[in-house]
Structure formats: C-alpha cells, structure tokens
Amino acid sequence: MSPLLIIHIFLLWLSYLGFGFAFFSGLLFLRLEKGLKTKHLPSAAPFNWSLESLDHFNARTLVAGFLSLSVGIVAGVFVTKAAFGRFFIGDPSEVWTLICWLIYAGIVGIRMSSTLRGRKVMLLASLAFGMVLFTFIGVIYFFGGMHSAP
Amino acid sequence: MKLITVGMNHRTAPVEERELFLVPDRELPLALKNLTQVPSLREGAILSTCNRVEVYGLVCDHGKGEEQLRSFLCQKVPERLNGMNEKLYTFLDEESVRHLFRVTSGIDSMVLGETEILGQVKSAYREAVRARSIGKILHSLFQKSFQTAKMVRERTGIGKGKVSVSSVAVNLARRILGNLSGKQIMILGAGQMSQLTGRALREQGVTSVFVSNRNYERARELAQEFAGQAIRFEEYLDWMQKVDIVISSTAAPHFLLTKDQVAHLMKKRKQRPLFLLDIAVPRDIDPSINELDNVYLYDIDDMEGIVRENLSYRENQLALCHSLIQQKSERFMSWFHQLKSSE
C-alpha cells in the first residue's frame, strides 16, 4: 500500500466524518429552529446548544470535510496515475466522489456568500447529504462497490 | 413539649393585611427578645418575608402556647387579633416540621420553586441564634430544613425552567444567539418589563443598549441607567440594523414594525438572526413577521405561555417533593420523640 493511497483513504474517511457531523448539526439546528419558531422548544437540549453555536459548528465541519475531500481526491488522482497510467479511469467511485465534491462545493459556496442563512441553507445541506448517501448506496449496489473496473 | 408554627402567608391574608404584622429586619432582634418572654415558649424563631409572617417554636403547653403566639404576632395591632382567626394558621409537631421543610424548599412560595426563601430562612435562623432565642431542638430543625431544601432541589425539577418573563427572555436570547456578550439590544418605549429584561440581558454581557422613546428625555434617562445610547424615535428603524435583540413596549396603537420593513432590514443585516420581543398591548410588531427566516418574534402571550408551561412542570414535581419532605419530617419527628422520652 503506497503512502499516497493511505493518505487518500484517510482523507476521504475524514471528509465523511466531517460531512456526517455537519449533517447531524444541521438536523439539530432545524429542530431547534422549528421549536423557536413555533414556541415549542425541545426541552432536553443542553444549554450550550444555540442556533448560533450549531450554525458555527456546522460551517466548520462542512469546510473541514470539503477541504479533506478536495485533498483526498487529488491524492486519489495521483494514485490512479501511478496504478493505471492515467489520471482518470472513469470508474463509478471516481464519478461518485466528483459528484459529491461538486455538491459540497455548491453548499460551501452558498454558505460563504452568506446571503442565504439559517433554515434554508441547513435544509439544503441536509438534502445534499441525503443525495450523497443515496449515490453512495447506488454505487455499492448497482456497480459492485468502490473502485471496480468499468 | 410540642413543636408549633403560628403564622400567615400570601394564601391566607392579602398583602395589605400582612404588612401590618411584618417584622422588618431592623426590628427582629427586639421582636425575638420579646418572643423569649412568651410564657409557654421554650425556643422560638421569627420568619418575616413579603410572603409570610410566622413564628416557629417549642412550647410546653400547646393550647396556651398557640393563644400566646397569636397575641405575640398581633402585638403591633392588638385590635386586629379577633379578626385574624381564619387568617392565622397553627401547625403542631409533624405538621409544623413539614411546613418549615416546605417553606424552605420553596414550595410554599408565591412563585413555586423560588430560591430566595432559602436565604431568608437562613437569615431568620441566624438572627434567632444571635438573640439566643433558639436551643437544641430548633437548631436541629432549621439545619434539617436546609438539608431538605437542598435535597429537594437536587432530586426534583422544582427549580427548573424560568418562571419570569425577563428570565425566559434571556433564555430565548441565548438559545438563538448563543453567547450574549458583545450583542446589542434596542429598547423601544419605557415599560417596566422591558427595563427588567434589558437589565437581565445586560447581566449576561450585552454591550450596547439603544433606547428609543417618543419622549427623547425619557430615552436619555433610561439609556443612562444602562450606560447605553438614546436615539430619536424617528430613527429607530435605521439603528435596528445594528442590533440583535429588540424589546418593544410602547403605547402605540398601531404596528411600529411591518413585515416589509423587517424583510428589508434582514437583507441589510445579511440575515443575521434577530430576536424581537413584543411585550406591548396592543402589539407593536406585526405578528406575520415571525414568518420571515432568521427572525424570531415573541409576544406577551408567548412569553406568558412559556412561564405557565414551566410553572406547570414545577407543579408536576410537587408529588415527589412532598414525598421527600414527608420522609425527612418523619425522621426528624422520631429523633424528637426519642429525645423527649430520654429526658
């Protein structure tokens, strides 16, 4: 196992972790936001959880996940080059990862521009994660898993 | 020898009557000295707060003791003694112990679960110690009441949830905006509730307070109290861009903020969350504004609804509190009986 491959795998898993945290904090945000709007607060939320702190955490994990994914993809591209002679071989997992990258690039872009905030952007992010998961499952079931030859 | 409690509280007598019997702090030492002169009384303490005036004691003859303590309580207004029959209650032995434990735990207070009473009972105890009006039994009784209060508070939800509009407001602000230090607020109008809430928010670290009032002088006065800034009433909308919280309680008969105005404001603020607290009647802020993203609008009914919910939660804790207090009272009484029989 080349060190680059290890880095690639590690970074990709790190990015899933980041996106996972972003997804869950987004859900918590949506729940708290709904409670605050409808005046029926979820009683058990610990005091440190505010819309602000959840939003902040969400943004941070999102960006961390995205950066991790970006560098992980670059590492992967070089691993492919070393193994197959080309930067891209077009297998399902490559395509899937690039789709993820594009989706999250969109989300991060929207977050950074800061004109869309709060409920709308959180819904969008949760939807994005849903799409990513769906695509991931699709790859596993219809294309026989990660990095199978095309 | 019996334990006895004689007194009145906010349930048995209205404030106009209670204030006639009140023993202010500065009169307490003398009152306690007089208490020791009550013939049947062996030990005694006085608890006088805005909600109650009570005497806790150890008497050798409970019939005479009750009569004498009633006279003692009415000594400032002796002509009232006969009229007070239904307003004064008497508890003996275990009932008396239970009553003190309940009072100290905050479950006999006007605001269920309040904590101020614990300090007040401790203060009453200290004064009685100083006046040497209490002995072994009441020492132990009061100490046990403090322990019981602590246990009740720790093991039940009796103190949970906020039960005043201003503390609910602070909680909501924290839920929306997180850490309040550095946040800015605007107070429109001069209602007492808005001042209280403004003060409470200040304590949480809010740094700028902008006060606006139709009467600019009044705004200046209030702003000074908060070390804040007074702004002209015509300019409130312009300044709203900078703030995170708006508390409104003016006497205006119409809406001061419309949906369009706030939608426009939110664009300028780049959608930074805004907490609007409208405690005016009639309302100052168009309720449809709550539909806007990142704006959280609460009116007085919403606030009072939350207070009621929290009070109701506390009320549901009562059964558990009562059973804990019952256990503790029984234990105290068996100690008391053992002591009596050994002497």
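Proteins come first, then strands; the chains are lettered A, B, ... in the order of their sequence lines, and each starts at number 1.
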Answer whether the closest heavy-atom distance between the side chains of K120(A) and D293(B) falls below 4.5 Å.
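They are in side-chain contact.
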
With a 4.5 Å cut-off on side-chain heavy atoms, are I176(B) and E52(A) touching?
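SC-SC contact between E52(A) and I176(B) ruled out.
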
I'd like to verify something: which residue of H56(A), R119(A), K37(A) has the highest number of heavy-atom pairs under 4.5 Å with chain B?
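Winner by heavy-atom pair count: K37(A).
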
Within a radius of less than 6.0 Å around [atom1] of [X], do more than 12 heavy atoms belonging to other residues, nucleotides or ligands occur?
{"X": "R199(B)", "atom1": "CZ", "result": "yes"}
{"X": "K39(A)", "atom1": "NZ", "result": "yes"}
{"X": "Q147(B)", "atom1": "CD", "result": "yes"}
{"X": "R11(B)", "atom1": "CZ", "result": "yes"}
{"X": "F146(B)", "atom1": "CZ", "result": "yes"}
{"X": "F78(A)", "atom1": "CZ", "result": "no"}
{"X": "F233(B)", "atom1": "CZ", "result": "yes"}

Quick check: closest heavy atoms across [X] and [Y], and the distance to 0.1 Å?
{"X": "S50(A)", "Y": "G178(B)", "value": "OG-CA, 3.1 Å"}
{"X": "G118(A)", "Y": "N294(B)", "value": "CA-OD1, 3.3 Å"}
{"X": "E33(A)", "Y": "Y296(B)", "value": "CG-OH, 3.1 Å"}

Inter-residue atom distance L172(B).CG - L36(A).CG, 0.5 Å rounding:
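Output value for this atom pair is 6.5 Å.
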
In Å and rounded to the nearest 0.5 Å, what is the OG to CZ distance from S53(A) to R174(B)?
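Separation between the atoms: 11.0 Å.
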
Toward chain A, the part of E309(B) with a non-hydrogen atom under 4.5 Å
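The side chain, not the backbone.
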
Most heavy-atom pairs under 4.5 angstrom with chain A, which of N290(B), I306(B), L297(B)?
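Ranked by heavy-atom pairs under 4.5 Å with chain A, first place is N290(B).
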
